[in-house]
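Take a look at the structure set out below.
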Amino acid sequence: MRVFVTGASGWIGSAVVPELLGAGHQVIGLARSDASAEALAAAGAQVQRGTLDDLDLLRDAAAASDGVIHLAFKHELAFSGDFQGAADADRRAVETFGEALAGSDRPFVLASGLLGLAPGRVATERDGRDPDPAVAAMAAGPATRLATAQWVLALASRGVRSSVVRLPPTNHGDGDHGFVAALVAVAREKGVSGYIGDGSSRWPAVHRLDSARLFRLALEQAPAGSALHPVADEGVPIRDIAQVIGRHLDLPVLSISPEDAGEHFGWLGAFLAIDSPASSALTRELLGCQPTQPGLIDDLDQGHYFRDPPA
Ligand SMILES: NC(=O)c1ccc[n+]([C@@H]2O[C@H](COP(=O)([O-])OP(=O)(O)OC[C@H]3O[C@@H](n4cnc5c(N)ncnc54)[C@H](OP(=O)(O)O)[C@@H]3O)[C@@H](O)[C@H]2O)c1
């Protein structure tokens, strides 16, 4: 297939591109900078220069493709305080892709998230389709992202083989700059490896190479309207993560009170507090695949998260 991929230069995208090329697909990756364009070309992809705001360009690129995988998200904007602005830009790009692909029966695969989908219980692929109290309790930006994912699932009724890959909060691996890397950085800075309260909040987890394989399988096989969970560890207690970090950095492992979590963990505190385990049983059955990479604790024990940071 000739596949248009946004976010192809990112953490997930740089694993998805070789996965697609290795399976014989042709990749056209969106790049907004020279550095991203060079990285994509070096990986063997064709480069489409442009940004998420170039809606005409996105429409044409989708129309000229056999399928679209949308991984780009304005994280810099989202994490500098304007999550809503990032979610709104994402919605505009997604609607553009949906309109371009309507009636074609071609695949459109959207990256979305699992955190907070069904707090306090194990989320399944059946969750997150209808309005429910957990969703109503979300902040506006994350609620917009969830609504966008629901819109994509509904494209199934408009002749798009749409699917949503709901990523766990950690897609771990060597070179990770996400939540777990941020937790390691806080431990180094504070001199303690902390968790909130009794540390029993659970996060699902997956290795990014297993996520990448699921994006390829979604593109190739997922029936229209599929919600998919690339989950290897159903729920790892944050306390267990903190203990491994403490052991590797030789730091004390301590409970931080919920009142002090914001001061201690900064922006990460709100995410660490969410108990959000998730199952992937239905995804494994639907696509006939199992994760093959190390789980989160084993991956942490490989040591790459604890190399000395650059001076
Ligand atoms: N990583 C995780 O653990 C995780 C967990 C849950 C959900 N997700 C979701 O999965 C998707 C991929 O995440 P990721 O970790 O790979 O993110 P990432 O490493 O931050 O990569 C983001 C990608 O989007 C591109 N991008 C950002 N702003 C853009 C713009 N204005 N125009 C065009 N491209 C733009 C970036 O391009 P540059 O290379 O030029 O910066 C990069 O390729 C996102 O939707 C993310 O929210 C990820």
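Counting from 1, the numbers follow the sequence of the chain as shown. Order of appearance sets the numbers: ligands from 1, and atoms from 1 within every ligand.
- The shortest non-hydrogen separation linking Pro230 to Val165 is CG-CG1, 3.7 Å.
- Cation-pi check for Arg145 over Phe73 is met; the charged atom lies under 6.0 angstrom from the ring centroid and within 45 degrees of its normal.
- Inspection of the Asp176 and His304 side chains reveals no N or O donor paired with an N or O acceptor under 3.5 Å.
- Protein heavy atom in closest approach to atom 23 (C) of ligand 1: Gly7 CA, 3.6 Å.
- For atom 27 (C) of ligand 1, the nearest non-hydrogen atom of the protein is Phe73 O, 3.3 Å.
- The residues Arg49 and Asp54 are annotated as not salt-bridged, no charged nitrogen and carboxylate oxygen being separated by less than 4.0 angstrom.
- Within the 4.0 Å heavy-atom shell around ligand 1 one does not find Ala31.
- Under the 30°/60° scheme for interplanar angles, the aromatic rings of Trp11 and His177 are found to stand perpendicular.
- The ligand atoms of ligand 1 that sit less than 4.0 angstrom from a heavy atom of Ser112 are 7 (C).
- In terms of polar-atom proximity, Thr51 is not counted as a contact of ligand 1, lacking any N or O under 3.5 Å from an N or O of the ligand.
- With respect to atom 41 (O) of ligand 1, the closest heavy atom belonging to the protein is Arg32 NH2, 2.7 Å.
- Inclusion of Gly113 in the set of residues having an N or O under 3.5 Å from an N or O of ligand 1 is not warranted.
- Counting non-hydrogen atoms of neighbouring residues, nucleotides and ligands closer than 6.0 angstrom, the CZ atom of Arg126 reaches no more than 12 such neighbours.
- For atom 17 (O) of ligand 1, the nearest protein heavy atom (residue, atom name, distance) is His75 CE1, 3.2 Å.
- At least one heavy atom of His177 sits less than 4.0 Å from an atom of ligand 1.
- Electrostatic pairing of Arg91 and Asp88 does not count as a salt bridge here, judged by no charged N lying under 4.0 Å from a carboxylate O.
- The heavy atom nearest to atom 25 (C) of ligand 1, out of those in Ser211, Ala15, Ala72, is found in Ala72.
- Proximity to Ser36 (heavy-atom distance under 4.0 Å) selects the following atoms of ligand 1: 38 (P), 39 (O), 40 (O).
- The shortest separation from a heavy atom of Pro169 to ligand 1 is under 4.0 Å, placing the residue in contact.
- Look at Glu19 and Arg216 and you find a salt bridge, because one of the NZ, NE, NH1 or NH2 atoms lies within 4.0 Å of a carboxylate O, short of that distance.
- Here is the list of ligand 1 atoms found below 4.0 Å of a heavy atom in Gly10: 16 (O), 19 (O), 21 (O), 42 (C), 43 (O).
- Residue contact annotation: Pro168 has a non-hydrogen atom under 4.0 Å from ligand 1.
- Ligand 1 lies within reach of Arg145, whose nearest heavy atom is under 4.0 Å from it.
- At a 3.5 angstrom cut-off on N or O pairs, Gly50 does not count as close to ligand 1.
- Remark: the Thr6 side chain and the His70 side chain contain an N/O donor-acceptor pair separated by less than 3.5 Å.
- Taking the six-membered ring where the residue is Trp, His248 and Phe306 present parallel rings, their angle staying beneath 30° rather than reaching 60°.
- Protein heavy atom at the shortest distance from atom 19 (O) of ligand 1 is Trp11 N, 2.9 Å.
- The distance from ligand 1 to the heavy atoms of Ala111 drops below 4.0 Å at these ligand atoms: 10 (O), 11 (C).
- Of the protein's heavy atoms, Leu71 O, 3.2 Å lies nearest to atom 44 (C) of ligand 1.
- The atoms of ligand 1 that sit less than 4.0 Å from any heavy atom of Leu167 are 5 (C), 6 (C), 7 (C), 8 (N), 9 (C), 10 (O), 48 (C).
- Atom 33 (C) of ligand 1 has Leu52 N, 3.5 Å as its closest protein atom, hydrogens excluded (heavy atom only).
- A side-chain donor-acceptor contact under 3.5 Å links Ser36 and Ser33.
- Nearest non-hydrogen protein atom to atom 43 (O) of ligand 1 is Ser9 OG, 2.8 Å.
- Under 4.0 Å is where a charged nitrogen must lie from a carboxylate oxygen, and between Asp105 and Arg158 no such pair does.
- Using a 4.0 Å cut-off between charged nitrogen and carboxylate oxygen, Glu234 and Arg284 do not count as a salt-bridge pair.
- Annotation for ligand 1: atoms under 4.0 Å from non-hydrogen atoms of Asn171 are 2 (C), 3 (O), 4 (C), 5 (C).
- Residues Ile196 and Pro258 share a closest heavy-atom pair of CG2-CA, 4.0 Å.
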